[in-house]
Amino acid sequence: MEFRGLKAQYQKYRSEIDESIHNVLQKGHFIGGSEVQELEEQLSKYQGVKHCITCANGTEAMSLVLMAWGIKEGDAVFVPDFTFFSTAEVVALIGATPIFVDVDQGTFNMDPVKLEKSITKVIQEGKLTPKVIIPVDLFGLPANYIEIKKIAKHHNLLILEDSAQGFGGKIGDKNAGSFGDAGTVSFFPAKPLGAYGDGGAIFTSDDRLAETITSLKMHGKGKNKYDNIRIGFNSRLDTIQAAVLLVKYRAFVEHELEDINKVAKMYDDELASIVKVPKIPQGYYSSFAQYTIKLKHTTDRDGLHNHLLNMGIPSFVYYHKPMHKQTAFSYLKYNDDNFTITNELCNTVLSLPIHPYLTEKEISTVVDNVKSYFNN
Ligand SMILES: *Cc1c(COP(=O)(O)O)cnc(C)c1O
């Protein structure tokens with residue numbers, strides 16, 4: 001059984017994907033081919049934003065935005081404690097200070113009440129200047145932008161939406177990746193919209209920001225690549241990856257997003273009475289980058305994880321370690337007591353196989369084995 005269904009997806013779309021890659025090989029335009037522009041046009045339209053700027057990966061997408069905003073040493077950037085390392089890494093990499101914020105027990109996303117407290121504390125201490133909030137759309141579910149936007153406005157902060165896992169998620173009819181002043185996605189193969197290698201993109205409706213990022217991702221170009229007006233990156237999406245993504249994007253909107261939600265619904269129906277299933281608040285829609293259940297105790301989580309492994313069912317722990325406990329951030333000297341929810345989640349969550357191609361039989365196998373673990 002596959003955890004993310006990349007092989008099943010390729011089997012279904014083999015001829016289209018092969019043909020799309022083959023076209024690029026024949027045209028020989030491997031960097032900046034027309035497929036890249038076509039993808040940017042389609043994705044910006046889907047997201048309802050003015051600009052989609054593709055780049056090398058989801059991590060650099062965030063770095064590009066922070067750099068374009070001029071974030072630097074002495075600035076405070078608020079990130080959830082429960083996320084992939086990238087979210088906080090990009091902040092530290094440009095010399096600013098990541099301020100970790102505990103998450104909501106139900107949604108696993110940044111807790112707006114704790115965010116407000118963290119901002120107030122940084123202001124009172126007077127050492128750092130609050131500049132940016134980076135909410136993460138964890139496991140496919142958009143963060144609470146209704147509250148986070150109010151807080152950002154009140155404190156005059158920018159929002160960078162880390163939607164690496166969020167593509168396809170929604171609040172009402174507004175898409176994940178379109179909530180922040182800028183939003184970023186990752187095309188890492190296992191993400192909701194994945195390439196066959198690395199890739200990423202930035203979404204924004206801010207013309208000036210888009211212009212700066214477009215320059216930064218191309219060695220700080222001015223009039224052209226050989227006129228360099230700032231220090232930048234070399235960060236681009238290869239034409240072959242864009243060609244793959246064009247096919248996969250069509251599948252994503254045609255049926256994959258709906259199908260993965262059907263799988264989640266089947267899990268919910270069968271599992272809600274025995275474990276804590278993902279909480280999707282009213283009006284929210286998840287793209288289920290992960291289907292993450294929460295157990296009562298670490299022993300249950302580890303026991304179930306091993307039981308599934310023995311039965312040939314893949315499952316993973318996202319994530320084992322909160323940001324504030326990462327060795328790379330030990331210099332920040334965080335107080336463990338401020339992160340009770342993240343600490344608990346790291347000890348009790350488990351992500352089950354989920355993808356649009358999971359069969360009813362496979363779903364039953366997972367469900368039966370979760371049940372059999374608790375019956376013994
Ligand atoms: C995957 C991921 C990233 C980084 O994306 P890459 O394309 O691997 O660089 C950033 N943030 C989150 C939350 C992610 O899951």
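Indexing begins at 1, ligand by ligand and atom by atom, following the structure's order.
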Which atoms of ligand 1 are found less than 4.0 Å from any heavy atom of [X]?
| X | result |
| --- | --- |
| N57 | 7 (O), 9 (O) |
| G58 | 5 (O), 6 (P), 7 (O), 9 (O) |
| Q165 | 13 (C), 14 (C), 15 (O) |
| T83 | 13 (C) |

In this structure, would M1 and V263 fall into the same cluster of hydrophobic residues linked by side-chain contacts under 4.5 Å?
yes
Among protein heavy atoms, which sits nearest to [atom], and what does the distance come to when rounded to 0.1 Å?
| atom | answer |
| --- | --- |
| atom 8 (O) of ligand 1 | S186 OG, 4.0 Å |
| atom 9 (O) of ligand 1 | T59 OG1, 2.5 Å |
| atom 13 (C) of ligand 1 | D162 OD2, 3.4 Å |
| atom 2 (C) of ligand 1 | K191 NZ, 2.5 Å |
| atom 10 (C) of ligand 1 | S86 CB, 3.4 Å |

Under 30°, 30 to 60°, or over 60°: which ring-plane class applies to F203 and F167, parallel, tilted or perpendicular?
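Ring orientation, 0 to 90° scale: parallel.
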I'd like to know whether ligand 1 has M62 as a neighbour, heavy-atom separation below 4.0 Å.
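Yes; M62 lies near enough to ligand 1 that a heavy-atom distance drops under 4.0 Å.
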With the threshold set at under 4.0 angstrom, would you say D198 reaches ligand 1 through any of its heavy atoms?
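Judged by the 4.0 Å heavy-atom criterion, D198 does not count as contacting ligand 1.
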With ring centroids as reference points, do F288 and F139 lie under 6.0 angstrom apart?
no
Are F187 and Y249 an aromatic pair by the rule of ring centers under 6.0 Å?
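Centroid distance F187-Y249: not below 6.0 Å, so no.
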Which of T342, N343, T348, V349 passes side chain to side chain contact (heavy atoms under 4.5 Å, CB included) with C346? Answer is T342
For a quick test of reading the model, state the closest non-hydrogen atom pair linking T83 to P80 and the distance between them.
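So the two residues come closest at CG2-O, 3.4 Å.
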Please report the shortest heavy-atom distance between Y357 and G5, naming the atom on each side.
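Between these two residues, the closest heavy atoms are CD1-O, 4.2 Å.
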Face-on cation placement of K174 at F179 ring, 6.0 Å and 45° thresholds
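Judged by the rule, K174 and F179 form a cation-pi pair.
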Under 4.0 Å from ligand 1, counting heavy atoms only, is it the side chain of V136, its backbone, both or neither?
side chain
